[in-house]
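Just so you know, these numbers use all the heavy atoms, side chains as well, and skip hydrogens, waters and symmetry mates. Note on naming: letters A, B, ... go to the chains in the order of the sequence lines (proteins, then strands), and numbering restarts at 1 for each one. A quick note: this is a predicted structure, and the numbers were derived from the prediction, not measured.
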Number of protein chains: 2
Amino acid sequence: MPEVDSMSSGGRDERHLTKVFKALSDNTRQEILRLLESHQRTVGEIVGNFNLSQPTISRHLSVLKEADLVIDQRQGQNVIYRLNDEALSTSMREFFGQFRSCQESLR
Amino acid sequence: MPEVDSMSSGGRDERHLTKVFKALSDNTRQEILRLLESHQRTVGEIVGNFNLSQPTISRHLSVLKEADLVIDQRQGQNVIYRLNDEALSTSMREFFGQFRSCQESLR
DNA sequence: GCGGCTCATAACCGCTAGGTCATGGGTTCA
DNA sequence: TGAACCCATGACCTAGCGGTTATGAGCCGC
């Protein structure tokens, strides 16, 4: 038996794809990505769309940033976040490539 | 401001997609899906591929089943799990279809 | 340089997630 | 029926996550 378990769950050495899915496995963070899909926004603008405190949103943003799904950029006293389109589609393709049924969905 | 927050993170009413991503956000469970991608397997066979106890694998399998990513079927004293190809690709398309950069990669 | 704005970080807390061992339920076969 | 096998579930522990408030750091404008 192969022992495919090169790095199992606990091991805090984590595949990038897993980090991406962790980032996506929260309603709020998914919502944030959808907001940023239309156009970039400041942290304050994002906060305004939720019933959550600013620090909470800030931490969600840092999770998304860790997963490379968003890009931040300081502009004056604001910080502007935008979607990292390339990374998102790259991750998607990387995952899809592993499953026949998903490969069929790629062009 | 729209208050897009129809159901935020904590609320234990969870979108199906979020449940799917939670299921995918673990190295072991991803590994299990890859194993099942080649062909269906019994629980015992799956356990044999990891350094984890049978109950642990069993729980992982139930998480995947909750997310509708696998299908189980009793056969004698064994339980056979197989990948739910359709549900997987459907969920992924549902999510990634929301983003322009991903739409370009999808057919 | 001070006050005020914007955002990130620290400290804390309750709950969930992932792991373990022990046990129980279903199925097969003698 | 009873022993043996396969798997799921219960009880438990620890670590991490998502939320909060309070505070600090960076950048304006006066």
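Proximity of A:N78 to the phosphate of D:dC27: no side-chain N or O atom is located under 4.0 Å from OP1 or OP2. Taking only side-chain nitrogens and oxygens, A:H60 never comes nearer than 4.0 Å to OP1 or OP2 of D:dC17.
The side chain to side chain contact (heavy atoms under 4.5 Å, CB included) test with B:F96 is passed by exactly one of B:C102, B:S105, B:S101: B:C102. A side chain to side chain contact (heavy atoms under 4.5 Å, CB included) with B:Y81 is found for exactly one of B:N84, B:N78, B:V79, namely B:V79.
Distance check, rounded to the nearest 0.5 Å: CG of B:L17 to CD of A:Q30 gives 5.5 Å.
For the pair A:Q77 CD and D:dC28 P, the computed distance is 7 Å after rounding to whole Å. In this structure, the CZ atom of B:F50 is 14 Å from the C1' atom of C:dG18, given to the nearest Å. Note: CG (B:L64) to P (D:dA8) measures 12 Å, nearest angstrom. B:E66 has its CD atom 11 Å from the P atom of C:dA17, to the nearest Å. Rounded to a whole Å, the CD1 atom of B:I32 is 11 Å from the P atom of C:dG18. What separates CG of B:N27 from C1' of C:dA17 is a distance of 14 Å, to the nearest Å. The CD1-C1' distance, from A:I46 to C:dT6, rounds to 13 Å in whole Å.
The backbone N or O of B:K22 sits nowhere less than 3.5 Å from a side-chain atom of B:D26 that would complete a donor-acceptor pair.
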Show me the protein contacts with nucleotides 8-13 of chain C, counting only N or O atoms at under 3.5 Å.
residue	atom	partner	partner atom	Å
C:dA8	OP1	A:Y81	OH	2.7
C:dA8	OP2	A:S58	OG	2.7
C:dA8	O5'	A:S58	OG	3.4
C:dA8	N7	A:Q54	NE2	2.7
C:dA8	N6	A:Q54	OE1	3.2

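Toward the 5' end of DNA chain D, the nearer of the two residues A:S53 and A:G76, judged by each one's closest nucleotide, is A:S53.
Residue pairs that meet the salt bridge (charged side-chain N to carboxylate O under 4.0 Å, His left out) test with at least one member in residues 85-107 of chain B, sequence neighbours left out, are A:E37-B:R100. Sorted by first and then second residue, the ring pair (Phe, Tyr, Trp, His ring centres under 6.0 Å) pairs involving residues 17-49 of chain A (not counting sequence neighbours) are A:F21-A:F95, A:F21-B:F21.
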